[in-house]
There are 2 protein chains.
Amino acid sequence: MDEKANDKEQLRRASQLSRSSVERLYSYYLLAKRAREQGDTHINSRQLASFLQIGDTQVRKDLAAINLVGQPKKGYEIGATIEALSNTMGLDEVHRAVLCGVGKLGQALLQYSRFGEFGFKVSGAFDVSPDIIGQDIAGTRVLHVDHLAKVIEIFSVEIGILTVNVWAAQELCNKMVECGIKAIWNFAPIHLQAPKGVLIRNEDFAGSLAVISHYLKDPAEQ
Amino acid sequence: MDEKANDKEQLRRASQLSRSSVERLYSYYLLAKRAREQGDTHINSRQLASFLQIGDTQVRKDLAAINLVGQPKKGYEIGATIEALSNTMGLDEVHRAVLCGVGKLGQALLQYSRFGEFGFKVSGAFDVSPDIIGQDIAGTRVLHVDHLAKVIEIFSVEIGILTVNVWAAQELCNKMVECGIKAIWNFAPIHLQAPKGVLIRNEDFAGSLAVISHYLKDPAEQ
DNA sequence: TAGATTGTTAATCGATTAACAATC
DNA sequence: TAGATTGTTAATCGATTAACAATC
């Protein structure tokens, strides 16, 4: 178990593609696509860097990590760049998702347009409130959470989206993990416990508000 | 200008309260409040650490940075802890906000319950679509973006929330900064350019999806 | 007292940046 | 060629973690 984890870690290091690098990939992708639409054939690290407000060295490192090779004086060929980025992010693969907690945020996410771009298909939305169960939100039927396990099983769902109350999140996370979910996108302000193989991605709104509020209280301390 | 920035930087370092630390504050706050409700009088670093899945050393460093002193064998007195956390996050202060882009996500955020907790009051929501202008969402009137500057001025708005299209975000950011906005909570997948004194907080959904999608493509590389 | 817990210094780690040679 | 840009190594930086003395 530990050995396997070490192997993985070594692979990740060898590939030089850190978590932070992966987070930047979509921004590169977006800008490259826009440049292509404008008729450009190449894009350079300085352009990409200024778009993300980072150093150009970092961009070159990121692109090198996904095996892109640029040309001095020209930059990176746009077609190959877009393809490598799309490929690394796995945009061409289809992944099924379920969403738990169909409140306002959950409903907004069900309509989130970028899911399609990433090949994410929402196979079901779940709640416990009779007010929402049975409704169709953006084409997704809202079901009672009792049906969660069945849906995950039937559709081979890999992604769980959690837009529930803080204190319900861990329990649902456990259930999802039990059913074989591979990655959880969590909007509750809690750090979920899950086994090593399950990716937990936290979207911590409250943390953001804390940073903003703290900054406004005393800008000098930032 | 540079000297001032250096002073600020020194202050921040002196206070030992890093950006990451501030992000953790609300989680501490949440757990401490729950513990108090359960009748506890003290909370220790190990409890807080396991809730956030970090080391207890880090918790003690964070709490030391906001001048909290614990007692050996007991931990931190809950009342004082909650107060210090609340104080550092500035939960008792009122800040006004405007939201631009009243799509599904914008509407969800207008109903976001935690704004109240942080003392954030949404003074106005803005869009350009005639379909939504004039409506009331969660008690907030949706206005044409032409009125943005006026509202910011009249209500001394400090916070701008951007839930607009990627390519519209920078322009609106500029306008907000011009009008004196101090902090921007940005949901567009772009890194906004703004002067030093303006805090930009990015909520990068696309980056999260990229991380999840990349992980599913090849878990071994994580 | 013994043991649990804090508080702090030093070490580690990973990510970013600087420097600069290589290339077209 | 000269100059722009890539690619890579080494240095820096900030955040996390380990180690351990201090305290009740």
Side-chain angles (χ1 to χ4, degrees), chain A residues 5-6 8-25 27-28 32 35 40-50 52-78 80-81 84 191 207 211 221-222, chain B residues 5-6 8-25 27-28 32 35 40-50 52-78 80-81 84 191 207 211 221-222:
Chain A
N6 279 342
K8 283 186 187 176
E9 187 53 23
Q10 280 171 8
L11 249 173
R12 197 181 66 71
R13 273 194 205 150
S15 85
Q16 300 280 95
L17 195 62
S18 70
R19 177 66 49 90
S20 322
S21 297
V22 176
E23 284 173 17
R24 288 189 286 266
L25 258 33
S27 294
Y28 296 150
D40 297 354
T41 61
H42 290 76
I43 194 162
N44 66 46
S45 58
R46 195 177 37 74
Q47 292 172 281
L48 290 163
S50 78
L52 280 93
Q53 299 193 259
I54 56 177
D56 51 352
T57 305
Q58 191 151 254
V59 173
R60 291 197 294 278
K61 271 205 155 173
D62 289 343
L63 298 186
I66 61 173
N67 301 316
L68 276 169
V69 178
Q71 292 167 265
K73 290 193 74 168
K74 285 180 135 182
Y76 299 81
E77 201 276 304
I78 279 200
T81 303
H191 289 74
V211 170
E221 286 202 7
Q222 284 297 325
Chain B
N6 278 342
K8 282 186 187 177
E9 188 52 24
Q10 281 172 7
L11 249 172
R12 196 181 67 71
R13 273 195 205 147
S15 84
Q16 299 282 93
L17 193 62
S18 71
R19 176 68 48 91
S20 323
S21 297
V22 176
E23 283 173 17
R24 288 189 286 267
L25 259 32
S27 295
Y28 297 149
D40 297 353
T41 60
H42 291 75
I43 193 162
N44 67 44
S45 58
R46 196 177 37 73
Q47 291 172 281
L48 289 163
S50 79
L52 279 93
Q53 300 192 258
I54 55 177
D56 52 353
T57 305
Q58 192 152 252
V59 172
R60 291 197 294 278
K61 270 205 155 173
D62 288 343
L63 298 186
I66 61 173
N67 301 316
L68 276 168
V69 177
Q71 292 168 263
K73 292 192 73 168
K74 285 181 135 183
Y76 298 81
E77 202 275 305
I78 280 201
T81 303
H191 290 73
V211 170
E221 286 203 6
Q222 283 298 325

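Per chain, numbering begins at 1; letters A, B, ... match sequence-line order. Note that the structure is a prediction, hence the values are computed from the model and not measured.
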Reported CD1-to-OH distance for the pair A:I43 and A:Y28, which is rounded to 0.5 angstrom: 11.0 Å
Separation of atom CZ in B:R19 from atom C1' in D:dA15, rounded to whole Å: 14 Å
Can you check the B:K73 NZ to D:dC24 P distance for me, whole Å? 12 Å
Just jot down the side-chain contact (heavy atoms from CB on, under 4.5 Å) partners of B:H42, sequence neighbours excluded, or say none. B:Q71, B:K74, B:E77
Requiring both pairing distances under 3.5 angstrom, list the stems that contain DNA chain D and are made of three or more consecutive Watson-Crick or G-U pairs. C:3-24 with D:3-24
How many Å lie between CG on A:N44 and C1' on D:dA4, as a whole number? 9 Å
Nearest heavy-atom pair of A:V22 and B:V211: which atoms, and what distance? CG1-CA, 3.7 Å
Rounded off to whole Å, could you give me the CD-to-P distance for the B:Q71 and C:dT6 pair? 10 Å
Atom pairs under 3.5 Å: protein N/O with N/O of nucleotides 16-21 of chain C:
unit_1, atom_1, unit_2, atom_2, d
C:dT16, OP1, A:R24, NH1, 3.2
C:dT16, OP2, A:R24, NH2, 3.2
C:dT16, OP2, A:Q58, OE1, 3.1
C:dT16, O5', A:Q58, OE1, 2.8

Considering residues at least two apart in sequence or located in another chain, which fulfil the side-chain contact (heavy atoms from CB on, under 4.5 Å) criterion with A:S27? A:F51, A:L52, B:H191
For A:N67 and D:dT6, give me the distance from atom CG to atom C1', rounded to whole Å. 16 Å
For A:S20, all residues meeting side-chain contact (heavy atoms from CB on, under 4.5 Å), sequence neighbours excluded: A:S18, A:R24
How long is the line joining OH of B:Y76 and C1' of D:dT23, in whole Å? 13 Å
Write down the distance between CG (A:L63) and P (D:dG7), rounded to a whole number of angstrom. 8 Å
Sequence neighbours excluded, the answer for salt bridge (charged side-chain N to carboxylate O under 4.0 Å, His left out) partners of B:D56 is B:R60
Could you walk me through whether A:Q47 and A:N44 pass side-chain contact (heavy atoms from CB on, under 4.5 Å), step by step? CA-CA 6 Å; A:Q47 292 172 281; A:N44 66 46; 3.4 Å; yes
Spacing of A:R46 atom CZ relative to D:dT5 atom C1', expressed in whole Å: 9 Å
Quick one: CD1 on B:I66 to CG on B:L25, what's the gap to the nearest 0.5 Å? 5.0 Å
Step by step, work out the side-chain contact (heavy atoms from CB on, under 4.5 Å) result for A:L48 and A:L63. CA-CA 11 Å; A:L48 290 163; A:L63 298 186; 4.0 Å; yes
